Amino acid sequence: MSNEYFRLLLEERWSPKISHNGKPWSGPNQYEDKTGMLMMLPSDIALLRDPDFRKYVELYAKDEDLLFQDFAKAFAKLLELGVPFPVTKPWYKLW
């Protein structure tokens, strides 16, 4: 895991995909870098256009450790979602 995704979002210039292998692009909306080797979805580009989300893109692009810290907190919440953790019983007595 790294902050490469956020760095690429900011550092590359993304333009709508209009062709593929010399033929007009007829697939779903995509954005590509100048080489045509990397692509992003409209939902990725929305992170840049929305000021509330863009601040996180910029933070995570600059500070990989912050990304890791925030990811760890969010992932822990997902793993524990809906799981009751009684404070009076040790984990091995839950069954």
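Being a predicted model, the structure only gives us computed values, none of them experimental. Values below: every heavy atom of this structure, side chains too, minus hydrogens, waters and symmetry copies. We count residues from 1, following the sequence as given.
A 4.5 Å side-chain heavy-atom check between Ile18 and Trp25 finds every atom pair outside the cut-off. Taking 4.5 Å as the limit, every side-chain heavy atom of Asn3 sits out of range of all side-chain heavy atoms of Lys62. The closest side-chain heavy-atom distance from Asp33 to Trp14 is below 4.5 Å. Put simply, the side chain of Phe6 does not reach to within 4.5 Å of the side chain of Leu10, judged on heavy atoms.
Between Gly36 and Glu32, the shortest heavy-atom contact is CA-OE1, 3.6 Å. For the residue pair Asp44 and Tyr5, the shortest heavy atom distance occurs at OD1-OH, 2.6 Å.
Under the 4.5 Å side-chain heavy-atom criterion for Ile, Leu, Val, Met, Phe, Trp and Tyr, Phe53 and Leu59 are members of the same hydrophobic cluster. Tracing side-chain contacts under 4.5 Å through hydrophobic residues (I, L, V, M, F, W, Y), one never reaches Leu48 starting from Met39; they form parts of separate clusters. Side-chain heavy atoms closer than 4.5 Å link hydrophobic residues (I, L, V, M, F, W, Y) into clusters, and following such links, possibly through other members, connects Leu9 to Phe68. In the hydrophobic cluster analysis, where Ile, Leu, Val, Met, Phe, Trp and Tyr join through side-chain heavy atoms closer than 4.5 angstrom, Met37 is grouped apart from Met40.
Glu4 has a carboxylate O that lies under 4.0 Å from a charged side-chain N of Arg7, or vice versa, which qualifies the two as a salt bridge.
Ring pair Tyr60/Tyr56 is tilted by interplanar angle, where 30° to 60° counts as tilted.
Heavy atoms of other residues, nucleotides or ligands lying less than 6.0 angstrom from CG of Asp70 number more than 12.
Annotation: the span from Asp50 atom CG to Lys55 atom NZ amounts to 9.5 Å, rounded to 0.5 Å.
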